[in-house]
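Handing you this structure, nothing more for now.
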Amino acid sequence: MATAVTEKYRTVIGLEFHVQLLTESKMFCACSAQYAANPPNTVVCPVCLGLPGALPVINEKVIECIVMTGMALNSQIPEFAKFDRKNYPYPDLPKGYQISQFDLPFCIEGHLTLDEEDGGRTIGITRVHQEEDTAKSTHVTAASGERYSLVDFNRSGVPLMEVVTEPDIASPEEAAAFGRKLRQIVRYLGISTGNMEDGAMRCDANISVWPADAPLGDIKVEVKNMNSFRAVERALYFEQERQTRILESGNDTRVTETRGWVETSGETVSQRTKEEAHDYRYFPEPDLPPLQLSREWIEGVREKLPELPAAKKERFMAEFDLSDYDASLLTQSRDLADYFEAASAGAKNAKAVANWMSRNLLQRLNESGSEIGDCKISPDALAEMILMIESGAISNRMAQEVFDQMFDTGKSAKVIVKEQGLAQISDEDELAGIVATVIAENPAAVQDFNQGKKRAIGFLVGQVMKATRGKANPGIVNQKLQEALRQD
Amino acid sequence: MTDSEGSDSISRADVQHVANLARLALSAEEEERFQHQLSAVFEHFQKLSALDTEQIPPTAQVIPLKNVMRPDTVEPSLAEQDVLANAPDREGDQFRVRAILDF
Amino acid sequence: MNLSTLTVHEAQDLLGRGETTSVELTEAVLARIEAVDETVKAYVTVTVEQARAQAQAADARRAQDGADAPPLLGIPAAIKDVINTKGVRTTCSSRMLENYIPPYDATVMQKLNAQGSVLVGKTNMDEFAMGSSTEHSAFFTTRNPWDTDRVPGGSSGGSAAAVAADEAVFSLGSDTGGSIRQPAALCGVVGMKPTYGRVSRYGLVAFASSLDQIGPFTKDVTDCAIVLEAICGQDPKDATSAPEVVPAWREAMKQDVRGLRIGVPREYFGEGTDPAVEESVREAIDQMMALGVEVEDVSLPHTDHALATYYIIAPAEASANLARYDGIRYGHAAQDAESMWEAYSRTRGEGFGSEVKRRILVGTHALSSGYYDAYYLKAQKVRTLIAADFQQAFEWVDAIVSPTSATVAFKIGERIDDPISMYLSDLYTLPGNVAGLPGISLPCGLADGLPIGLQFVGKPFEESTLLRLAFAYEQASGVRYTPALA
Ligand SMILES: [Mg+2]
Ligand SMILES: [Zn+2]
């Protein structure tokens with residue numbers, strides 16, 4: 001989009017995330033929440049199948065997860081919360097209504113501040129509330145051409161948390177950045193995998209574009225079906241452009257509607273306009289008494305709250321003297337940060353650990369598409385390698401080779417060095433002998449040196465390294481050469 | 001509600017709208033009958049509007065219970081053969097329905 | 001002696017002394033069903049084989065347990081067809097669930113089964129418990145054993161008629177606006193709706209979740225206490241079930257009533273109440289006074305608004321509770337529909353009867369956008385006022401006394417086309433549901449050969465007081481009401 005057009009308009013985006021929570025059992029019944037790991041319709045009971053007469057009972061862990069998220073998002077936790085029925089008949093909704101929260105959710109009025117590199121703005125969080133997931137339907141076209149659907153209720157009743165932002169987001173990039181930040185937080189809290197790809201985290205976005213100098217109108221376009229943060233960004237960018245073009249035409253034909261993102265064609269298509277929208281007829285869920293969480297209960301949850309990314313990053317910068325960049329990188333995930341702290345404790349040199357992690361470890365993980373949790377190098381093993389460099393047992397250069405082998409095989413640095421005879425030669429007498437031989441064999445270079453071409457020493461160091469197949473301790477080699485040449 | 005029928009009565013269109021929300025197929029005869037019956041019923045409900053309830057909190061539940069929750073533990077689900085035993089239509093281990101189209 | 005006429009406690013005594021067996025008792029009840037149910041039509045399903053097997057098992061267990069046998073061991077019971085019975089068809093008297101066989105037992109069934117009671121069958125009702133006459137059953141209308149041209153009341157009409165006609169020793173029903181007490185009154189038996197939360201609703205097919213409550217029909221007050229003790233108690237599967245301890249009611253009810261105060265609400269007498277009903281109830285009140293009970297005039301000023309309140313809240317909740325009947329997982333499914341939505345709507349259009357449809361429409365409208373505040377929210381606020389009326393009255397009195405229903409059993413067909421006149425038959429019972437209070441109905445006389453019901457409504461969780469009053473009255477009156485059925 002041209003800059004001039006961008007300045008003429010402003011984009012208003014609000015996001016809604018549905019986050020599947022990692023609990024043992026479902027939201028309102030004791031069926032396993034491992035819906036995908038089981039054959040269809042095997043983790044279902046009268047409650048999550050919506051059989052006549054079955055009743056819901058709240059899973060306490062879910063409330064804990066939601067309140068914890070609210071705290072991480074700087075929300076108020078109101079004293080009183082209740083559940084409501086959201087009525088909409090649909091084959092994947094066995095009761096014909098979803099148990100959700102309407103006017104009294106668990107968390108309200110929060111905010112989340114984006115990282116500096118993402119613009120650093122603070123985005124308001126309207127609410128965080130509880131919901132239950134629907135069943136999964138599969139669409140089938142038979143050989144005869146007949147079309148029908150199959151429904152598996154394993155996912156029915158799996159706990160969901162919905163996070164709703166204020167319409168504070170101003171660009172598709174910012175929307176994606178917010179999503180990633182939220183994902184980082186739910187992963188830190190250990191309450192969700194946060195994976196967009198398998199639907200454990202889903203994003204719906206409301207977007208509208210308005211002339212920059214006019215008040216906002218009330219048209220809202222909701223975009224759905226985005227399976228990654230990249231898709232969120234692309235879909236919103238598409239929609240921003242589409243709406244801008246309509247405004248540019250001078251005839252605003254936009255309507256409030258739901259549009260679906262089509263990944264393959266890279267466009268959004270209209271699914272439903274407001275005229276056909278549901279009337280959800282929310283009313284208080286009579287089967288569930290309300291919640292009035294005690295201060296004690298809430299403080300108990302607060303005590304379980306882990307150190308969050310922003311605080312951890314600040315601490316890493318202060319405690320380990322890391323750069324903003326390294327601190328951000330190493331607090332990306334809790335596992336990574338824990339790894340860093342464990343390795344630092346062993347190596348007693350946090351900066352070296354940070355360097356090895358940011359320059360080598362993360363690169364290798366990226367290349368292999370794996371996570372820190374899959375890494376064959378333990379934090380202790382990395383620390384041991386760094387201590388070996390510092391003691392002179394291996395050179396920095398050799399360490400690169402040793403590190404790669406550690407990454408591939410999971411063997412320790414000591415074992416690799418021993419197996420392959422890679423230990424650095426730091427023995428002064430041994431090196432003095434080799435230096436003497438090199439000087440004897442390269443009279444031309446020695447002469448150059450003596451004539452003032454100090455660079456010639458580099459050639460001689462190279463010869464020593466060559467003779468020792470790189471194992472010589474370069475510091476000692478240098479020192480011995482200087483000594484020997486001065487004697488000449 | 002349409003004005004022509006009086007402010008409290010239920011029109012045929014109201015019945016159709018509500019029946020659609022409730023996914024309830026009605027015959028023309030039923031629509032007409034329910035229009036009359038609902039009009040009478042909602043007229044009776046007008047009785048409530050005479051009461052001043054401005055300062056009265058609503059009661060959704062009469063029992064003064066709060067914070068009733070269960071621990072996050074798994075118990076056995078239904079036996080497999082029981083899950084689909086009442087299904088009007090099935091294919092393998094899934095419920096079969098007419099094609100679910102997006103709205 | 002015909003064993004089918006026994007009360008629970010009489011049967012207990014005979015069984016305990018070894019003078020009869022559960023098999024004999026069950027056979028007597030089955031024979032009675034065989035003899036009269038063609039006329040009474042109390043049952044949707046009679047579980048002959050299961051009853052025989054359970055009776056045999058009960059006798060075997062009694063041989064083991066001896067004096068420790070639970071009170072309901074081997075006693076034949078009828079269960080309203082709205083309570084889930086594992087492996088036994090549970091229809092709610094609806095086409096929608098005509099062939100539905102639940103894979104689980106309601107909590108009350110688990111409790112009865114644990115005591116070893118014998119299930120003889122599932123009883124007819126108004127479809128999904130919506131009605132006051134059983135005329136809204138999709139299958140047939142149950143007849144009042146006192147006059148088979150008349151309704152037994154409803155919605156638990158089958159359960160009331162079964163006990164009145166000795167087709168079961170006791171039965172369970174459900175009461176959302178009077179559906180236990182009103183048919184108990186019309187059939188001349190004892191019926192109780194416990195405090196909301198006393199009995200687990202898990203497995204009770206929901207009509208109006210904030211009002212529904214399961215309770216017993218029995219031949220006398222002692223039996224009522226026995227069955228109540230068996231079915232009450234907190235259930236982890238029902239988040240609205242109460243933690244209150246379950247008292248030993250069979251003992252508690254014997255406590256003297258001298259000094260108890262009962263209130264006569266002026267709004268429950270006069271216009272609309274059948275004079276013969278009023279006269280009987282007034283006589284009963286006089287008899288209570290003679291027993292040392294103090295009688296006070298009280299006022300429940302919002303009585304006039306209870307009907308509208310109830311008929312907004314109950315259908316609103318019902319409209320959501322009945323949304324699950326979509327023909328996918330169970331129940332009736334429309335054939336040859338073109339689309340998913342057509343299948344959905346036709347399934348429901350074909351599966352539900354008129355009264356159910358009417359209430360779904362009323363409830364949906366009352367909750368719908370633009371009407372919620374005027375109807376649903378308003379009704380919830382008036383609900384607060386109605387509950388407050390009772391609270392105020394209970395500062396002066398221990399229980400409210402009134403007729404259970406304004407009239408005796410009416411003729412079949414008499415009110416079927418006029419929903420509001422039908423709804424009026426619950427005028428004195430439904431405020432108790434709106435406020436969540438316990439209520440008991442017991443017979444207190446006859447008018448033109450038809451039973452009249454006396455109702456006591458009490459404070460939350462004070463069923464003991466109601467049982468004391470009812471037991472005292474029953475002992476004093478000394479009448480046993482039995483219909484002269486062929
Ligand atoms: Mg939602
Ligand atoms: Zn379940």
Side-chain angles (χ1 to χ4, degrees), chain A residues 23-25 28-34 39-46 48-49 51 57-64 82 87 89-92 96 135 137-141 146-153 258 260 271-272 276 278-279 281 283-286 288-294 297, chain B residues 1 10-11 13-26 38 42 45 48 53 56-103:
Chain A
T23 52
E24 296 294 321
S25 62
F28 295 117
C29 61
C31 289
S32 166
Q34 299 298 311
N41 292 308
T42 54
V43 282
V44 291
C45 73
C48 57
L49 261 184
L51 296 192
V57 186
I58 299 163
N59 182 341
E60 183 168 15
K61 180 78 188 298
V62 173
I63 311 308
E64 212 177 279
K82 72 174 170 70
N87 293 288
Y90 211 69
D92 63 10
S137 49
T138 317
H139 310 287
V140 181
T141 305
E146 188 197 1
R147 299 177 63 202
Y148 57 93
S149 300
L150 297 175
V151 193
D152 165 17
F153 287 88
T258 300
Q271 288 183 330
R272 169 158 57 101
E276 308 154 29
H278 291 298
D279 176 353
R281 288 162 284 135
F283 73 96
E285 168 56 271
L288 296 173
L291 295 176
Q292 191 161 16
L293 302 169
S294 65
W297 192 92
Chain B
M1 288 187 196
I10 305 276
S11 71
D14 290 331
V15 173
Q16 288 165 344
H17 171 68
V18 172
N20 182 48
L21 279 178
R23 300 288 173 192
L24 198 55
L26 300 179
L38 261 60
F42 277 90
F45 293 168
L48 298 187
T53 52
I56 309 297
T59 297
Q61 291 167 316
V62 286
I63 195 156
L65 288 172
K66 281 185 185 120
N67 307 328
V68 180
M69 297 187 261
R70 43 171 277 268
D72 181 27
T73 48
V74 174
E75 279 164 41
S77 295
L78 272 180
E80 261 180 271
Q81 70 274 10
D82 285 341
V83 174
L84 285 119
N86 285 290
D89 197 3
R90 63 186 282 188
E91 184 173 298
D93 49 11
Q94 304 212 54
F95 295 90
R96 187 180 148 138
V97 296
R98 282 170 191 75
I100 302 173
L101 301 172
D102 257 347
F103 305 99

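Not measured: the values here are computed from a predicted model. Values below: every heavy atom of this structure, side chains too, minus hydrogens, waters and symmetry copies. Chain letters run A, B, ... following the sequence lines, proteins first and then strands; every chain starts at 1.
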- request: Find the distance between CD (A:Q34) and OG1 (A:T23) and round it off to the nearest 0.5 Å.
  value: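 Interatomic distance, A:Q34 CD to A:T23 OG1, rounded to 0.5 Å: 8.5 Å.
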
field: Options A:C29, A:A33, A:C45, A:P40, ranked by heavy-atom pairs under 4.5 Å with chain B, top entry
entry: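 Max contact count across the listed options: A:P40.
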
field: Heavy-atom closest pair, residues A:N41 and A:V151
entry: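 So the minimum-distance heavy-atom pair works out to ND2-O, 3.3 Å.
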
field: Part of A:F283 lying under 4.5 Å from any heavy atom of chain B
entry: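 Neither; nothing under 4.5 Å.
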
- request: Against chain B, label A:L49 side chain, backbone, both or neither, depending on which of its atoms sit under 4.5 Å from a heavy atom there.
  value: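 For A:L49, the contact with chain B is made by the side chain alone.
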
field: For chain A, the option from B:A99, B:P76, B:P58 that forms the most heavy-atom pairs under 4.5 Å
entry: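 The option with the most such pairs is B:A99.
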
Under 4.5 Å from a heavy atom of chain B, the part of A:T42 involved: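 Answer is both: backbone and side chain atoms of A:T42 are under 4.5 Å from chain B.
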
- request: Sort A:L288 into side chain, backbone, both or neither according to what part of it lies under 4.5 angstrom from a heavy atom of chain B.
  value: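 For A:L288, backbone heavy atoms alone lie under 4.5 Å from chain B.
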
field: Residue part contacting chain B, namely of A:E285, when any heavy atom lies under 4.5 Å
entry: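 For A:E285, backbone heavy atoms alone lie under 4.5 Å from chain B.
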
Choice from A:Q292, A:E64, A:E146 maximising heavy atom contacts with chain B below 4.5 Å: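 It is A:Q292.
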
message: If I compare all heavy atoms of B:L26 with all of B:A19, which pair ends up nearest, and what's the gap?
response: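 Closest approach of B:L26 to B:A19: CD1-CB, 3.8 Å.
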
- request: Heavy atoms only, distances under 4.5 angstrom: which of A:K61, A:E60, A:K82 has the most pairs with chain B? Name it, please.
  value: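 Heavy-atom pairs under 4.5 Å are most numerous for A:E60.
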
- prompt: Quick check: does any side chain N or O of A:N87 sit under 3.5 Å from a backbone N or O of A:R281, one acting as donor and the other as acceptor?
  reply: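 Looks like yes, one N/O pair under 3.5 Å.
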
- request: Compare all side-chain heavy atoms of B:V83 with those of B:F95 and state whether any distance is below 4.5 angstrom.
  value: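 Heavy-atom side-chain distance check passes, below 4.5 Å.
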
- request: Name the region of A:P290, side chain, backbone, both or neither, that has any atom closer than 4.5 Å to a heavy atom of chain B.
  value: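 Both parts, backbone and side chain.
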
message: Donor-acceptor pair, distance only, cut-off 3.5 Å: does the side chain of B:R90 make one with the backbone of B:G92?
response: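 Yes; judged by distance alone, with no hydrogens or angles, the pair exists.
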
message: Which one wins on heavy-atom pair count under 4.5 Å against chain A: B:Q61, B:R23, B:K66, B:E75?
response: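 Sorted descending by pairs with chain A, the first entry is B:Q61.
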
- prompt: B:D72 side chain to A:N59 main-chain N or O, any donor-acceptor pair under 3.5 Å?
  reply: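 Between the backbone of A:N59 and the side chain of B:D72 there is no qualifying donor-acceptor contact (under 3.5 Å).
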
- prompt: Between A:S294 and A:W297, is there a donor-acceptor pair closer than 3.5 Å when you use the side chain of the first and the backbone of the second?
  reply: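 The answer is yes, because a donor-acceptor pair under 3.5 Å joins these two groups.
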
message: At a heavy-atom distance under 4.5 Å, which candidate from B:L21, B:D89, B:V68 has the highest pair count against chain A?
response: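 Counting heavy-atom pairs under 4.5 Å, the top option is B:L21.
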
